[in-house]
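As structure tokens, the structure follows; a few thoughts come after it.
This is a predicted model, so every value here is computed, not measured.
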Amino acid sequence: MPPGGADRPLRVVHFGNDADSVRGGIAAVIRQHLAKHDGRLAVSAISTYDPAGRGHGSRNRPYGRALRWIATARGRDDLVAHVHISQGGSLLREGLLVLLLRLRRIPVVVTLHGSSSLSNGGAALRLTSFVLRRATLAHFLSEAHAARYGRAARRHVVIPNAVDVDQDAGTVKQPHVVFAGVVGTRKGVDLLLEAWRSVPSADWTLHLYGPQDGDYALPQDVPGVVVHGEVEPATVQAALAAA
């Protein structure tokens, strides 16, 4: 029987970064949810932030639509909101949505993204805990997140982010290693390059896909490394399939 009832699927509405944006892991995660076909679920997404927007106002313009949706929504037994939260402005922006959704009696799953949530303190730590406490269910991406915030959440699960690779029968595997994400220390690229230097990599190539962190100086003397910069998601998918 479908979760929403005998004759209707469970509606799951994701709130977070614009899924059409090439920037940001949250957008990639939401795209995967939208691409998965499951007859038990009716999945949709409402953008709250456009990472590619020019200027603060442009990036936050989608937020108004999310507020309007919540203002007219009503809690139903076939509706769940899934809110994706990171740090900084996202903690305030999406955190407010969690509170408003619960006031409308809509069940809320909160996924906590971002490695910085493992090292923050003060007001950010207290606000993260406050938001998680209001969620119906907290979804953590690692055991480290659960160890830090599990007590704040009423219920929680630990499920790492999946990497969905489309395997075409005609895809020929190549001696490639692929990294996709922000190229910098926050994502561990410095450790990746250190490891790459330490192993025999003749005939192998390390491909780095993604924008470079402004405070990270990418070494130019590492053999067998190709830097592609920011590309479309389809390009990353093809690279992963062939790696």
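Rounding to the nearest 0.5 Å gives a distance of 9.0 Å between CG of D18 and OG1 of T48. Atom CG of N60 sits about 12.0 Å away from atom OG of S47, to the nearest 0.5 Å. Taken from CG in D78 to CG in L41, the straight-line distance is 11.5 Å, to the nearest 0.5 Å. E94 contributes atom CD, which lies 7.0 Å from atom OH of Y63 (distance to the nearest 0.5 angstrom). Taking CG from L112 and CD1 from I85, the interatomic distance works out to 7.5 Å, rounded to the nearest 0.5 Å. For the atom pair NE2 (H113) and CG (N17), the distance works out to 8.5 Å, reported to the nearest 0.5 Å.
With R102 contributing its side chain and I106 its backbone, the two residues share a donor-acceptor pair below 3.5 Å. Between the side chain of K187 and the backbone N or O of F179, no donor-acceptor pair lies under 3.5 Å. Panel note: side chain T185, backbone G188; no donor-acceptor pair is recorded below 3.5 Å. When atom types are taken as modelled, the side chain of R61 and the backbone of Y49 share no donor-acceptor pair closer than 3.5 angstrom. No side-chain donor-acceptor contact under 3.5 Å links Q32 to the backbone of K36. Here the side chain of S117 pairs a donor or acceptor atom with the backbone of G114 at under 3.5 angstrom. Side chain of Q220 to backbone of L218: a donor-acceptor contact under 3.5 angstrom is found. Using a distance-only test at 3.5 Å, with no hydrogens or angles considered, no donor-acceptor pair links the side chain of T205 to the main chain of H176. R104 places a side-chain N or O within 3.5 Å of a backbone atom of A73 that can act as its donor or acceptor partner. Counting only distance, with no hydrogens or angles, the side chain of T136 and the backbone of P107 share no donor-acceptor pair below 3.5 Å.
In plain terms, the two heavy atoms of A138 and A153 that are nearest each other are CB-CB, 3.6 Å. Nearest heavy atom pair, residue V178 against residue A239, reads CG2-O, 3.7 Å.
Between Y209 and the choices V231, L240, V227, the side chain to side chain contact (heavy atoms under 4.5 Å, CB included) rule is met once, by V231. Of the residues listed (L101, V131, V109, V13), the one engaging V83 in a side chain to side chain contact (heavy atoms under 4.5 Å, CB included) is L101, and it is the only one.
Judged purely by distance below 3.5 Å, without hydrogens or angles, the side chains of N120 and R148 pair a donor atom with an acceptor atom.
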query = Where do H228 and H207 land on the side-chain hydrogen bond (donor to acceptor under 3.5 Å, both in side chains) test, with the steps shown first?
reply = CA-CA 7 Å; H228 296 270; H207 295 269; 2.8 Å; yes
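Using a 4.5 Å cut-off on side-chain heavy atoms (C-beta onward), R133 and V98 make no contact. At least one side-chain heavy atom of L97 sits less than 4.5 Å from a side-chain heavy atom of L67. The side-chain heavy atoms of L192 and L208, taken from C-beta on, include a pair separated by under 4.5 Å. Looking at W69 and R65, their side chains never come closer than 4.5 Å, going by heavy atoms from C-beta outward. Annotation: side chain of D190 is in contact with side chain of Y216 (closest heavy-atom distance under 4.5 Å). Side-chain contact check for L91 versus T128: some heavy-atom pair is nearer than 4.5 Å. Using a 4.5 Å heavy-atom threshold, the side chains of L141 and T111 count as touching. Annotation: side chain of F140 is in contact with side chain of Y149 (closest heavy-atom distance under 4.5 Å).
Heavy atoms from other residues, nucleotides or ligands lying under 6.0 Å from CZ of R155 number 12 at most.
Checked against the 6.0 Å centroid criterion, the rings of H14 and H84 qualify as a close aromatic pair. Taking the six-membered ring where the residue is Trp, the centroids of H33 and H82 are separated by under 6.0 Å.
Note on V108 and L10: separate hydrophobic clusters, where clusters join Ile, Leu, Val, Met, Phe, Trp and Tyr whose side-chain heavy atoms are under 4.5 Å apart, directly or indirectly. Hydrophobic clustering (ILVMFWY, side-chain heavy atoms < 4.5 Å, transitive): V80 and L132 are in distinct clusters. I46 and L79 end up in the same hydrophobic cluster when Ile, Leu, Val, Met, Phe, Trp and Tyr side chains are linked at under 4.5 Å.
Using a 4.0 Å cut-off between charged side-chain N and carboxylate O, D77 and R8 make a salt bridge. Taking a cutoff of 4.0 Å between a charged side-chain nitrogen and a carboxylate oxygen, D38 and R40 qualify as a salt bridge.
For D221, the side-chain hydrogen bond (donor to acceptor under 3.5 Å, both in side chains) partners are R197, not counting sequence neighbours.
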